[in-house]
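For ligands, and for the atoms within them, numbers begin at 1 and follow the listed sequence. Hydrogens, waters and symmetry mates are skipped; everything else that's a heavy atom, side chains included, is used. Not measured: the values here are computed from a predicted model. Along the sequence shown, residues are numbered consecutively beginning with 1.
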Amino acid sequence: MMRMPWFGWQSPATIAEAAKILAGEGPQAMLIAGGTDLVPNMKRRHQTPATLVSLRRVAELRKIANGAGLTLGAGLTLTEIVDSAAVREKYRGFWQAAAQVASPHLRNMGTLGGNLCLDTRCTYYNQSLEWRKAIDYCLKKDGETCWVATASKRCVAVSSTDSAPALISLGAKVKLVSAQGEREVAVADLYKNDGIDYLVRKPEEILTEVVLPDAQGWRSTYWKLRRRGSFDFPVLGVAAAVKLAADGTVEQARLALGAVASRPFLVDKGGEFLKGRKLTDEAIAEAGAIVASRAKPMDNTDLDLYWRKDVVGSFVGHALREIRGDDMRAMRMRIARQAL
Ligand SMILES: Cc1cc2nc3c(=O)[nH]c(=O)nc-3n(C[C@H](O)[C@H](O)[C@H](O)COP(=O)(O)OP(=O)(O)OC[C@H]3O[C@@H](n4cnc5c(N)ncnc54)[C@H](O)[C@@H]3O)c2cc1C
Ligand code: SF4
């Protein structure tokens, strides 16, 4: 049995109180929300914080506010996100992403904030302490070599959050709050392409909410590749959000990729290519090729990396055809094993 290391526990009731505790404790403290990522990581000694600051009692983090767009508290569980009619109807891609995270039990515990701040993953890292010790650890934790790219001085562990690419395609922002003040960061700018230092968030900052812009005129979708339909981390996530004119011409488009680098990212050239065009089969194929050229999966997660790269274009095709209005239900069932 893997046991938890010793840790102190703080359970503030407000964001201000949590920020004050983080400022006082320094980087040895970590936030815990649902604990579905952090607890297994602590058991494997990836993270050994001296103090855990629980966000479970912070009611302010559970708000859902409708305005021109939608504001979602970072403490909402993924089940609450999936149950939200506003998310399902206006931000379909994000809803589809949240609905495909892990399993129902994990979505009942896992939060939006935890999903966005999820640790990066790697075959050589997501292992027990004994397993990692047997290979002399690795660059990300306690070692000196990256076993995926031995000449690399940078960890290339994979960003595996489903909600981030969907939120990036929708142009969402997050609010980061610390004892020093607060700032807004676009989800597209929240991540760094570094498997160790993967967030621009500072250790003393709390991600308090996600702000989605008005979705009037936009259609969005998310397609996830994973081995098992029941639950698995993504090995590819394709998110698309497109604003169509009445005659079907693309006014704006954002295409984002997840699980093919240490960060989720926008493929600007894919969106730019579609602007001013109709979603014809030829345009969709060309956009798929542009997006696929940016995917650089590494051999450190499930499924063959060359095949994972090969299918990016097809997944972009599924996403854009769904946005065009094609009936994709059979393909959805084949890939996601559920109607979405
Ligand atoms: C078997 C299994 C399968 C999974 N499959 C998927 C999957 O398919 N897709 C997917 O995306 N995830 C998956 N996960 C990961 C995880 O369950 C979800 O990402 C979940 O949403 C994490 O949220 P949490 O609240 O439990 O995070 P926690 O474990 O509480 O925290 C995760 C990280 O975020 C930080 N954090 C939490 N809240 C905040 C905040 N408000 N501000 C700043 N930092 C914060 C923590 O300090 C920690 O570093 C899986 C996990 C397991 C165990
Ligand atoms: S990518 Fe390399 S350094 Fe990063 S976790 Fe994997 S083996 Fe370790």
Side-chain angles (χ1 to χ4, degrees), residues 15 18-19 22 29-43 46-47 49 52-56 58 61 73-79 81 97-103 105-127 132 135-150 152-166 174-178 190 194-196 198-199 201-210 224-228 230-235 237 258-259 262 264 298-301:
I15 294 171
L22 281 185
M30 280 186 83
L31 293 168
I32 182 163
T36 60
D37 181 49
L38 185 54
V39 169
N41 277 6
M42 286 176 68
K43 288 185 172 182
H46 294 137
Q47 280 115 30
L52 286 179
V53 182
S54 169
L55 297 174
R56 291 296 289 273
V58 184
L61 292 176
L76 290 166
T77 65
L78 294 167
T79 298
I81 301 284
Q100 291 182 85
V101 171
S103 63
H105 297 90
L106 288 157
R107 290 196 295 274
N108 287 344
M109 286 300 289
T111 63
L112 178 56
N115 190 247
L116 288 173
C117 297
L118 190 67
D119 193 11
T120 54
R121 298 180 60 79
C122 172
T123 321
Y124 296 92
Y125 173 71
N126 293 97
Q127 303 288 352
R132 292 188 295 115
I135 60 160
D136 203 17
Y137 305 100
C138 78
L139 206 56
K140 184 159 159 78
K141 177 74 175 139
D142 300 329
E144 287 172 8
T145 307
C146 171
W147 297 112
V148 179
T150 45
S152 176
K153 292 285 165 238
R154 182 175 67 85
C155 163
V156 291
V158 187
S159 166
S160 305
T161 152
D162 279 304
S163 64
V174 292
K175 196 197 268 188
L176 298 172
V177 176
S178 71
L190 183 63
D194 181 324
I196 298 172
Y198 59 93
L199 285 175
R201 167 193 167 255
K202 297 185 192 120
E204 68 274 17
E205 285 180 319
I206 305 164
L207 194 161
T208 57
E209 61 189 36
V210 172
K224 169 175 178 171
L225 175 65
R226 57 180 164 181
R227 184 180 289 270
R228 295 170 293 184
S230 52
F231 79 103
D232 257 331
F233 282 92
V235 290
S262 298
M298 301 296 289
D299 198 9
N300 58 354
T301 183

- request: Heavy-atom contacts with L78 under 4.0 Å: which atoms of ligand 1 show up? List them by number with element.
  value: 21 (O)
field: Heavy atom of the protein closest to atom 34 (O) of ligand 1 (residue, atom name, distance)
entry: C117 CB, 3.3 Å
field: Atoms in ligand 1 with a heavy atom of F231 nearer than 4.0 Å
entry: 1 (C), 3 (C)
- request: May I ask you to test the M42-L52 pair for a side-chain heavy-atom distance under 4.5 Å?
  value: yes
message: Exactly one of L139, D136, T150 should register a side chain to side chain contact (heavy atoms under 4.5 Å, CB included) with T145. Which one does?
response: T150
- prompt: Counting only N and O atoms by type, is there a donor-acceptor contact under 3.5 Å from the side chain of R107 to the main-chain atoms of V101?
  reply: yes
message: Between T111 and G75 (side chain of the first, backbone of the second, donor and acceptor by atom type, cut-off under 3.5 Å), is there such a pair?
response: no
- request: Enumerate the atoms of ligand 1 whose separation from the nearest heavy atom of M30 is less than 4.0 angstrom.
  value: 47 (O), 49 (O)
- prompt: Any nitrogen or oxygen of V39, main chain or side chain, under 3.5 Å from a nitrogen or oxygen of ligand 1?
  reply: no
task: Would you check if Y198 and D119 make a side-chain contact, meaning some heavy-atom pair closer than 4.5 Å?
output: yes
field: Nearest non-hydrogen protein atom, atom 53 (C) of ligand 1
entry: T36 O, 3.6 Å
message: Quick check on contacts: which atoms of ligand 1 are under 4.0 angstrom from a heavy atom of S160?
response: 9 (N), 10 (C), 11 (O)
Nitrogen or oxygen of G110 less than 3.5 angstrom from that of ligand 1: no
Flag if over 12 foreign heavy atoms under 6.0 Å of CZ, R56: no
- prompt: Would you find a donor on one side and an acceptor on the other, under 3.5 Å apart, between the side chain of S178 and the backbone of E205?
  reply: no
task: Return the set of protein N, O or S atoms whose distance to atom 2 (Fe) of ligand 2 is under 2.8 Å, each given as residue and atom.
output: C146 SG
- request: Indicate yes or no for a side-chain donor-acceptor contact from R228 to the backbone of D232 under 3.5 Å, with no hydrogens or angles considered.
  value: no
Polar proximity ligand 1 side, E205 side, N/O cut 3.5 Å exclusive: no
query: Does K224 approach ligand 1 within less than 4.0 angstrom via side chain, backbone, both or neither, non-hydrogen atoms only?
result: side chain
message: Could you work out, with side-chain contact (heavy atoms from CB on, under 4.5 Å) as the rule, every residue matching A99, not counting sequence neighbours?
response: V82, L340
Residue from V158, T161, D162 passing side chain to side chain contact (heavy atoms under 4.5 Å, CB included) with P234: D162
field: Side-chain touch L118/F233, heavy atoms, less than 4.5 angstrom
entry: yes
- prompt: Quick one: does ligand 1 sit under 4.0 Å from the side chain of L55, the backbone, both or neither, non-hydrogen atoms only?
  reply: side chain
- request: Could you check if a side-chain atom of I15 sits within less than 4.5 angstrom of a side-chain atom of V58, using non-hydrogen atoms only?
  value: yes
message: Under 4.0 Å from a heavy atom of A33: which atoms of ligand 1 are those, numbered in the order shown and with their elements?
response: 25 (O), 30 (O), 37 (C), 38 (N)
- request: Quick one: list whatever passes side-chain contact (heavy atoms from CB on, under 4.5 Å) with K141, sequence neighbours left out.
  value: Y125, R132
- request: Report the part of L207 in contact with ligand 1, treating N, CA, C, O as backbone and CB onward as side chain, heavy atoms under 4.0 Å; options are side chain, backbone, both, neither.
  value: both
- prompt: Is any side-chain heavy atom of S163 closer than 4.5 Å to a side-chain heavy atom of L112?
  reply: yes
- prompt: For L31 and ligand 1, does the shortest N/O to N/O distance drop below 3.5 Å?
  reply: yes
- prompt: So which heavy atom in the protein is nearest atom 9 (N) of ligand 1, and how far is it from that ligand atom?
  reply: D162 OD2, 2.8 Å
- prompt: Is I32 close to ligand 1, meaning an N/O of one under 3.5 Å from an N/O of the other?
  reply: no
message: Evaluate G35 for polar contact with ligand 1, using N/O atom pairs at a separation under 3.5 Å.
response: yes
message: I want to check something: taking the side chain as every heavy atom from C-beta on, are L207 and L199 in contact at a cut-off of under 4.5 Å?
response: no
task: Applying side-chain contact (heavy atoms from CB on, under 4.5 Å), name anything that partners A157, two or more places apart in sequence or on another chain.
output: T120, C122, K140, C155
query: Hey, is R201 one of the residues with a heavy atom under 4.0 angstrom from ligand 1?
result: yes
message: Among all protein heavy atoms in this structure, tell me which lies nearest to atom 51 (C) of ligand 1, with the distance rounded to 0.1 Å.
response: F233 CZ, 3.5 Å
- line: protein heavy-atom neighbour closest to atom 7 (C) of ligand 1 works out as A102 N, 3.3 Å
- prompt: For ligand 1, which atoms have a heavy atom of L38 less than 4.0 angstrom away?
  reply: 29 (O)
- line: So the atoms of ligand 1 within less than 4.0 Å of a heavy atom of T161 turn out to be 11 (O)
message: Quick test of your reading of the structure: of V101, D37, N115, whose heavy atom lies closest to atom 11 (O) of ligand 1?
response: N115
task: Please could you name the atoms of ligand 1 that G34 approaches to less than 4.0 Å, counting only its heavy atoms?
output: 24 (P), 25 (O), 26 (O), 30 (O)
Closest contact, heavy atoms only, D194 versus S262: N-CB, 3.6 Å
